[in-house]
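Notes follow the structure.
Throughout, protein chains are lettered first and strands after them, A, B, ... in sequence-line order, and every chain is numbered starting at 1.
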Amino acid sequence: MNNIVFGQYYPSSSIVHRLDARVKLLLAIAYIITIFFVEDYVVYAGMFLFVLAVALIARIPLKILFRTVRTIVVLILITAVINLFFTKGETLWWSWKFIKIYREGVERAIKLALRLILLMLFPSLLTLTTTPMELTDAIESLLSPLKLIKVPVHAIALIMSIALRMIPILVEETNKIMLAQKARGASFDTGGALKKAKAMIPVLVPLFVGAFRRADELALAMDARCYSSVQKRTKYKVMKLHLRDAVAAVVCLAVFSVAFLNKYLFPFDEMILSLFA
Amino acid sequence: MSVRFENVTYEYPGEEKSVVAVKNVSLEIADGSFVCVCGENGSGKSTLAKLMNGLLTPSSGIVTVDGETTSTESESALFAIRSKVGMVFQNPDNQMIASIIEDEIAFGPENLGVPREEIGERIAYALSAVGMEEHRHHTPYKLSGGQKQRIAIAAVLAMRPKILVLDESTAMLDPKGRAEVLAVAEELNAQGITVVLITHFMEEAVRADRVVVMSEGAVVMDGTPEEIFRDREKINRYHLELPVPDYLAAELRKEGFPIPEKIFGEEELAEAICRSL
């Protein structure tokens, strides 16, 4: 149940945990953009080491970090296999009847797999070191310029945070309803997929009815506490940038620009590879 | 600062015929008093509570809070009334907005536009008033029902209300949780806050200054706890039960034992019995 409350947050008081969530979010976006431009093995390795270093500073056990990659193993395998078989190149390495595997295909499959793993790792570090609430606040803060064009940014952020709050409560309710239906002889784990799906209907209907009732009561409670979209609100928690945020931003952006520019300026992966040739 | 009902009737609009929940009630709740409103399910006691802060407005008659009439016409008047009349509901999970207790308590003052520094002080005050200081930075999810309701009370207290309405706030709690919430309510009343306790447990009425019994939308009994408890036939007629110690005391008195009129709970009764032997 704990996992559900905090998403995949891994509590610690490391400097990475204490960084401003907005900075972390923006850096994660910058990282993703960088990864899309990287195509060299050496840079992949460099980025990988960089992620490991951040994980080390954040005191996140590598086992937990790599667990997040496990969730996309199937996706990685499928894209790799598709690329392996369907990429046409010049150097034919192996063929059997209609299946032809080219050198370019193998290379592309490996690169895509590496890219997907790298894409998963850094944003995972973001969610491992930032609570969902901090992320919600960060999104609200980053979107706040949209208030100028009348986007209800605060309401959107409130909806997100209430949704986060309701997840554990609804999970608990689902378990209760399932137990109640089991007590009446319902079975959720026998039969084929269709039968299993059908067995969920008597769970989902009361769950939805309950959720609507909750929503109604919550709205009443918010009304009773003077929530209104008209009145001007103050905000208790204000996000402040610290020196550590600036340092983190500079370091990360430096690493990203080296990775980014390497392709255009000095292809040092080729230089390094040539040393071994 | 008082709440006054003048010939108030409230009808819930229905598809075929409307349901009259409160019938021609006139009532005044004095400043600083501790009033307990009792009644069985469907007696209109919860509707009465919602009329006090303008969550519902009367179909006929008027409700005034501190001289101000509740009406849906003036949003700012409703805002002022709701900031004075704080309300805690039955289900603690359905009235919490935030995932961190501190944020939950800040919600009300934020809506009122209280300056940031003062919100911090108010959070500290509200949490100490309900004895939950050490939970400030935690999530409410793991608390007991009684603790959650104390947080809900703190969330209302941070708005500095004059009147605290507990709308069946003890109904879902175990005896320990109920005792916790009642102790907080009594303490706040001692500090000068008017408390209106809506309940169907008569034993909660023992400590009140005044007990109002409702049945089928009308006020049928009104007096001090001693006066109300004396008329056992009438209480039974409205499907309420005397608290066990008071019931026992009444039976003993009938048999000629010298038991005093005012009995607070089991221990005092035991003492009175010992003395009378």
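Of the two parts of B:D93, the backbone and the side chain both hold a non-hydrogen atom closer than 4.5 Å to a non-hydrogen atom of chain A. For B:L55, the part sitting under 4.5 Å from any heavy atom of chain A is the side chain, from C-beta outward, and nothing else. With a threshold of 4.5 angstrom between heavy atoms, B:F89 approaches chain A through side-chain atoms but not through N, CA, C or O. Only the side chain of B:P140 comes within less than 4.5 Å of a heavy atom of chain A; its backbone N, CA, C and O stay farther away. Contacts of B:I123 with chain A are made by side-chain atoms alone, with heavy-atom separations under 4.5 Å and no backbone atom involved.
Proximity of B:R82 to A:R225: side-chain heavy atoms (C-beta onward) are nowhere separated by under 4.5 Å.
In this structure, the separation between CE on A:M133 and CG on B:D103 is 5.0 Å, given to the nearest 0.5 Å. Interatomic distance, NZ of B:K84 versus SG of A:C226, reported as 11.0 Å (0.5 Å rounding).
Across B:E102, B:M87, B:K50, the residue that shares the most heavy-atom pairs under 4.5 angstrom with chain A is B:E102. Interface remark: of the candidates B:I119, B:V88, B:N53, B:I97, B:I97 forms the most heavy-atom pairs closer than 4.5 Å to chain A.
Applying the salt bridge (charged side-chain N to carboxylate O under 4.0 Å, His left out) test to B:R4 and every residue at least two apart in sequence or in another chain returns B:E6, B:E28.
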Inset, instruction - Run the numbers on A:Y227 and B:E110 for side chain to side chain contact (heavy atoms under 4.5 Å, CB included), then give the verdict. - result: CA-CA 9 Å; A:Y227 183 74; B:E110 281 179 341; over 6 Å; no
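Near-neighbour residues of residues 134-152 of chain A relative to chain B, defined by a heavy atom under 4.5 Å from a heavy atom of that chain, are none. By a heavy-atom distance cut of under 4.5 Å, A:R214, A:E217, A:L218, A:L220, A:A221, A:M222, A:D223, A:A224 are the residues of residues 211-224 of chain A near chain B, going up by number. Within residues 233-243 of chain A, the residues having any heavy atom closer than 4.5 Å to a heavy atom of chain B are A:R233, A:T234, A:K235, A:Y236, A:K237, A:V238, listed by residue number.
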